[in-house]
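The chain is numbered in sequence order, starting from 1. Bear in mind the structure is a predicted one, so any value in this text is a computation, not a measurement.
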Amino acid sequence: MASTYKDSSLKVFTLNSNRELAEDIANHIGTNLGKCSVNRFSDGEIQINIEESVRGCDVYVVQSTCSPVNEHIMELVIMIDALKRASARSINIVMPYYGYARQDRKARSREPITAKLVADLLETAGASRVITLDLHAPQIQGFFNVPIDHLQGVPILSDYFEAKALEDIIVVSPDHGGVTRARKMADRLNAPIGIIDKRRPEPNVAEVMNIVGNIEGKTAILVDDIIDTAGTISLAANALVENGAKEVYACCTHPVLSGPAIDRINESEIKELVITNSIPLPEDKHIEKITPLSVAPLIGEAIIRVHELQSVSILFD
């Protein structure tokens, strides 16, 4: 497409994590993706070449740090270094999915805080700003000493369910940590909330304990930020049906969907799983139960507002 955005100093680049989303974002803005190449030396080292001038430009690099997460983080920091040395005026990282966010505190002795480590890597490399979507913990914003715009996926997911006009719904958080997210969706849908009280004996292993809230005969909507192995969400959906829910829908912003996730979703009581394209969904994970929604208009509008020095807070509503 021909470039139509009025300011040629705005440039959007992408690397290897989610090119389709980056193209949609560029289309929403009305510009073309910048030209760059990502190659490998024979030993696997990453080589990046920016194939157009970025001197004096405000550059936005779209890169989700999803699987393979370490490769994508290294691509990103090398790209930041290349842009810095090419005299870009600002280097804005658009990270729809922020990897390593689940280790955001020391839950036990001698544990790392990888969410802070990734923030340090981006800043040290030369990032000027970060635009991200549904951090696993909102306090991760405090790990940065550069501006960060924390966009929300709940409005997109809520609008989808509102359009379905489901009757007698209850929005359910699969754990205590997601209550704020569930309440935001419940407020938008004018519905009550419920909570799954669970304990997690070890990572990626969940055990449902109790259900807080009246779910008898209701249509439950489970909402989470990340679905990884789908153990928690599947157990929660099955428990809701066993305890009287009429049917169960689920939604999340970041569909990591690793390991046995697809099989668990297929075998669970989940009627439909609604996700966003913050992480690309491989062809072998496209199943009938999964409905993807695009975050490109939201992120594209955020980029325009940041570039034009307008308020971004209106996008949170």
Does Glu75 come within less than 4.0 Å of Arg40, counting only side-chain N to carboxylate O?
yes
Can you tell me if CZ on Arg183 sees more than 12 non-hydrogen neighbours from other groups inside 6.0 Å?
no
Does Thr132 reach the main-chain N or O of Met95 with its side chain, forming a donor-acceptor pair under 3.5 Å?
yes
Is the backbone N or O of Cys66 less than 3.5 Å from a side-chain atom of Ser64, with the two atoms forming a donor-acceptor pair by type?
no
Hydrophobic clustering (ILVMFWY, side-chain heavy atoms < 4.5 Å, transitive) - are Leu222 and Ile290 grouped together?
yes
Taking atom types as modelled, is there a side-chain donor on Ser90 or Asp58 under 3.5 Å from an acceptor on the other?
yes
Is Lys246 salt-bridged to Asp168, going by a charged N under 4.0 Å from an acidic O?
no
For Glu123 and Asn145, indicate whether the former's side chain and the latter's backbone hold a donor-acceptor pair under 3.5 Å.
yes
Main chain of Tyr100, side chain of Thr114: is a donor-acceptor contact present, judged purely on distance under 3.5 Å?
yes
In terms of side-chain geometry, is the basic nitrogen of Asp81 or Arg85 positioned less than 4.0 Å from the acidic oxygen of its partner?
yes
Got more than 12 heavy atoms from elsewhere within 6.0 Å of CG, Asn190?
no
Are Leu293 and Val171 connected into the same hydrophobic cluster when the rule is that any two of I, L, V, M, F, W, Y join if their side-chain heavy atoms are below 4.5 Å apart?
yes
Could you walk me through whether Asp120 and Lys116 satisfy the salt bridge (charged side-chain N to carboxylate O under 4.0 Å, His left out) test, starting with their C-alpha distance in whole Å, then the side-chain angles of each, then the deciding distance to 0.1 Å, before giving a yes or no?
CA-CA 6 Å; Asp120 289 344; Lys116 168 63 171 163; 3.0 Å; yes
Counting only heavy atoms from other residues, nucleotides and ligands, does the tally under 6.0 Å from CD of Glu308 exceed 12?
yes
If only side-chain N and O atoms count, and only distance matters, is there a donor-acceptor pair under 3.5 Å linking Asn16 with His72?
no
Mind checking side chain to side chain contact (heavy atoms under 4.5 Å, CB included) for Arg305 and listing every partner two or more places apart, or none if nothing turns up?
Glu301, Gln310, Val312, Ile314, Leu315
Hey, are the side chains of Gln103 and Glu111 touching, using non-hydrogen atoms and a 4.5 Å cut-off?
no
same_hphob_cluster(Ile226, Ile279) at 4.5 Å side-chain heavy-atom cutoff:
yes
Does one hydrophobic cluster hold both Val69 and Val77, with members joined at side-chain heavy-atom distances below 4.5 Å?
yes
Kindly give the heavy-atom pair with the smallest separation between Asp104 and Ala137, and that separation in Å.
OD2-CB, 2.8 Å
Non-neighbouring partners of Ala88 that pass side chain to side chain contact (heavy atoms under 4.5 Å, CB included), sequence neighbours left out:
Val54, Val59, Leu83, Ile91
When you look at NZ of Lys164, are more than 12 heavy atoms from neighbouring residues, nucleotides or ligands closer to it than 6.0 Å?
yes
Ignoring hydrogens and geometry beyond distance, is a side-chain donor-acceptor pair present between Ser37 and Glu51 at under 3.5 Å?
yes
Linked, directly or transitively: Ile262 and Val256 (ILVMFWY side chains, under 4.5 Å):
no
Please identify which of these residues, Val62, Leu21, Val38, Val61, meets the side-chain contact (heavy atoms from CB on, under 4.5 Å) condition with Thr14.
Val62
Can you check whether Tyr5's main-chain N or O pairs, donor with acceptor, with Thr31's side chain at less than 3.5 Å?
no
